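Down below is the structure, laid out as structure tokens.
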Amino acid sequence: MAYDVLIVGAGYAGAVAARRLAEDGGKRVLVLERRPHVGGNAYDCPDAAGILIHQYGPHIFHTNDRRVFDYLSRFTQWRRYQHRVIANLPRDNPEAVPAGKKTGGRFFFPVPFNLDSLKNAFGPEEGERLGQKLLNAYPAQSQVTILELRQNSDPEIAAIADYVYEHVFVHYTMKQWGQTPEEIDPSTTARVPVRLSRDDRYFQDAYQGMPLHGYTPMFETMLDHPGITVETGVDALSRLELADGAIKLDGQVFAGPVIYTGQTDELFGFQFGPLPYRTLDFAYDTLKQDCFQTHGTVNYTVDGDFTRITEFKHLTGQEKPGVTTIMREYSKAYTGAEGEIPYYAIINPANNALYAKYKAQADQYPNLRLLGRLAEYKYYNMDAIAARALALSDELL
Ligand code: FAD
Ligand code: UDP
């Protein structure tokens, strides 16, 4: 069968583009996916205990983009869900209190750190006073990034900044990136600002929720179109050849658009060296109890060797008495070893320059389009990728 468009990868990038091109452009689209399933990193499935889990990390949908929300809403209904996260940390600052003086115990506050977190940390009265001070210092803002807050020269605000840096950011960021907040791209910590309000939601977007029956059924519905053929368990690189500006599929020149959503360094045989990534190990535990923690995700911002624990029932709303599944996330450098998945691009000038070399190679192929978190080597949320897939499809139509 002849195809008009070839898409590598059936995650958000590939699936949204496939549907739009097939449905609105009448294109015959072939989607090749290496994994045995569609959905990319948003894939979910029941575990052995029947709990709906996210196999590649907790995914919560949120967007301000009406077009993206409306588009996806054609393939799923939504469960109304607003993600809330708390920090779980030792009452004693492990670095400031000598071992013999530790009182023990743990405490909690909302993340992003907000005016209520201040009260949890400094007590109700002092927290209230410091909150007023912050509001006066940033009268026109609803939030401030930790790096911005650390620039403030007022001694009391500097003390708040130090507190938040120490209790929310520095240890968590070291665990997640192996680097300090100053060393990583500032846009990364800016994702989790200090809130100058009592809003304790993790995201403030206009549209938030979880696909009512899970992400995988949403993807299956999206890809279920007569113009779309999906082959799973197929490594596209074993069927593609790139040479002299032409792309061959199964030995034949493929002249139509090729939308590639995998790793760009891999596409070009790592010829300039591998692009650096962070990967994650997920440790699942199924427990014989109704519920493990109060929130969907609890961040271990100071101690522990994992970053966070997610309890899926909070996210999905699944009702299943007597059993629950939780997952801890352990971050480490990606080495490219068998089975490792490159989850997070490490954005910095050197890595961007390396990516630019691969991009220049890709630009030698006029019908090749790089799309998605891997292919573009960016830290994009699901909605941003869906928006980019729609925009690319608009252009191709
Ligand atoms: P992917 O989902 O990675 O899909 C790419 C697909 O291409 C994969 O299925 C891969 O197998 C396939 N592929 C690659 N190479 C080949 C090949 N050679 N042949 C065939 N197939 C190939 N975003 C949010 O909005 N909210 C969240 O809460 C959220 N949580 C996250 C948590 C974690 C731990 C991580 C890592 C990411 C999270 N994200 C979240 C981001 C979200 O996962 C991405 O935005 C989204 O999955 C990107 O879609 P994509 O299609 O670009 O990439
Ligand atoms: N972060 C932190 N402490 C937290 C939450 C986040 O230091 O409790 C920092 C950390 O550097 C993290 C970044 O903010 O990588 C972005 O956090 P987000 O929750 O958006 O990460 P993701 O869900 O994408 O892994």
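The shown structure was predicted, so the numbers you read here are calculated from the model rather than taken from an experiment. Indexing begins at 1, ligand by ligand and atom by atom, following the structure's order.
Side-chain atoms of Arg35 and Asn41 form a donor-acceptor pair, as typed in the model, at a separation below 3.5 Å. With no hydrogens or angles considered, a side-chain donor-acceptor pair links Tyr165 and Glu182 at under 3.5 Å. Asp205 and Thr63 share no side-chain donor-acceptor pair at under 3.5 Å.
The shell of residues lying under 4.0 angstrom from ligand 1, judged by heavy atoms, includes Tyr344. The closest approach between a heavy atom of Val38 and any atom of ligand 1 is not below 4.0 Å. Using 4.0 Å as the threshold, Phe61 has no heavy atom nearer than that to any atom of ligand 1.
Counting atoms of ligand 1 from 1 in the listed order, those under 4.0 Å from a heavy atom of Gly372 are 52 (O). Short contacts between ligand 1 and Val234, defined as distances under 4.0 Å to a heavy atom of the residue, involve ligand atoms 19 (N), 20 (C). Near Gly262, with a cut-off below 4.0 Å to any heavy atom, the atoms of ligand 1 are 14 (C), 15 (N).
Below 30°, between 30° and 60°, or above 60°: for Phe69 and Tyr207 the angle between ring planes is below 30°, a parallel geometry.
A distance below 6.0 Å separates the ring centres of Phe219 and Tyr12. Taking the ring centroids of His54 and Tyr215, they lie under the 6.0 Å cut-off. Tyr277 and Tyr377 have their aromatic ring centers within a separation under 6.0 angstrom. Taking the centre of each ring, Tyr81 and His83 come in below the 6.0 Å mark.
Closest to atom 52 (O) of ligand 1 among all protein heavy atoms lies Arg373 N, 2.9 Å. Of all protein heavy atoms, the one closest to atom 10 (C) of ligand 1 is Glu33 OE2, 3.5 Å. Among protein heavy atoms, the minimum distance from atom 19 (N) of ligand 1 is reached at Ala236 N, 2.9 Å. Of the protein's non-hydrogen atoms, Ile60 N, 2.8 Å is the one closest to atom 28 (O) of ligand 1. In this structure, the protein non-hydrogen atom closest to atom 36 (C) of ligand 1 is Tyr343 CD2, 3.4 Å. Distance from atom 39 (N) of ligand 1 to its nearest protein heavy atom, with residue and atom name: His59 NE2, 3.5 Å.
Between Asp70 and Arg74 there is no salt bridge, since no side-chain nitrogen of the basic residue lies less than 4.0 Å from a carboxylate oxygen of the acidic one. Here Arg20 pairs with Asp394 in a salt bridge; the nearest charged N to carboxylate O distance falls below 4.0 Å. We find that Asp303 and Arg106 are joined by a salt bridge, their nearest charged nitrogen and carboxylate oxygen being less than 4.0 Å apart. A salt bridge links Arg150 with Asp162: the distance from a Lys NZ or Arg NE/NH1/NH2 to an Asp or Glu carboxylate oxygen falls below 4.0 Å.
Annotation for Lys313: atom NZ counts as buried by contact number, over 12 foreign heavy atoms lying within 6.0 Å. Atom CZ of Arg198 has 12 or fewer neighbouring heavy atoms from other residues, nucleotides or ligands inside a 6.0 Å radius. Atom CD of Glu125 is surrounded by 12 or fewer heavy atoms from other residues, nucleotides or ligands within 6.0 Å. For Gln252, the CD atom counts as loosely surrounded, since its 6.0 Å shell holds 12 or fewer non-hydrogen atoms of other residues, nucleotides or ligands.
In terms of polar-atom proximity, Arg34 is counted as a contact of ligand 1, with an N or O under 3.5 Å from an N or O of the ligand. Residue Tyr12 places at least one N or O, backbone or side chain, under 3.5 Å from an N or O of ligand 1. In terms of polar-atom proximity, Tyr380 is counted as a contact of ligand 1, with an N or O under 3.5 Å from an N or O of the ligand. Taking any N or O of Ala13, backbone or side chain, at least one lies under 3.5 Å from an N or O belonging to ligand 1. On a distance-only criterion, Met382 and ligand 1 share at least one N/O pair closer than 3.5 Å. Considering backbone and side-chain atoms alike, Gly57 places every N or O at 3.5 Å or more from each N or O of ligand 1. Ligand 1 has no N or O atom lying under 3.5 Å from any N or O atom of Tyr56, backbone or side chain. Considering both main-chain and side-chain atoms, Pro58 comes within under 3.5 Å of ligand 1 through a nitrogen or oxygen pair.
Nearest-residue assignment for atom 18 (N) of ligand 1 (options Asn41, Asp205, Leu280, Asp235; heavy-atom criterion): Asp235. The residue among Gly11, Gly9, Gly14 with a heavy atom at the shortest distance from atom 4 (O) of ligand 1 is Gly11.
Protein heavy atoms come within 4.0 Å of atom 26 (N) of ligand 1.
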N/O contact list for ligand 2, threshold under 3.5 Å:
residue	atom	partner	partner atom	Å
ligand 2	3 (N)	Val168	O	2.9
ligand 2	7 (O)	Val168	O	3.4
ligand 2	7 (O)	Phe169	O	3.3
ligand 2	7 (O)	Thr173	OG1	3.0
ligand 2	8 (O)	Asn299	ND2	2.9
ligand 2	11 (O)	Thr173	OG1	2.9
ligand 2	15 (O)	Trp177	NE1	2.8
ligand 2	19 (O)	Tyr202	OH	2.5
ligand 2	20 (O)	Arg191	NE	2.8
ligand 2	20 (O)	Arg191	NH2	3.3
ligand 2	21 (O)	Tyr379	OH	3.2
ligand 2	23 (O)	Arg308	NH1	3.0
ligand 2	23 (O)	Arg308	NH2	3.4
ligand 2	24 (O)	Arg191	NH2	3.1
ligand 2	24 (O)	Tyr379	OH	2.5
ligand 2	25 (O)	Arg308	NH2	3.4
ligand 2	25 (O)	Tyr344	OH	2.5

Let's go through Leu6 and Ile247 carefully: what are the C-alpha distance in whole Å and the side-chain angles of both, what is the deciding distance for side-chain contact (heavy atoms from CB on, under 4.5 Å) to 0.1 Å, and is it a yes or a no?
CA-CA 11 Å; Leu6 172 64; Ile247 302 178; 5.5 Å; no
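Closest approach of Ala386 to Val68, counting heavy atoms only: CB-CG1, 3.8 Å.
At a heavy-atom distance under 4.0 Å, only side-chain atoms of Ile385, from C-beta outward, approach ligand 1.
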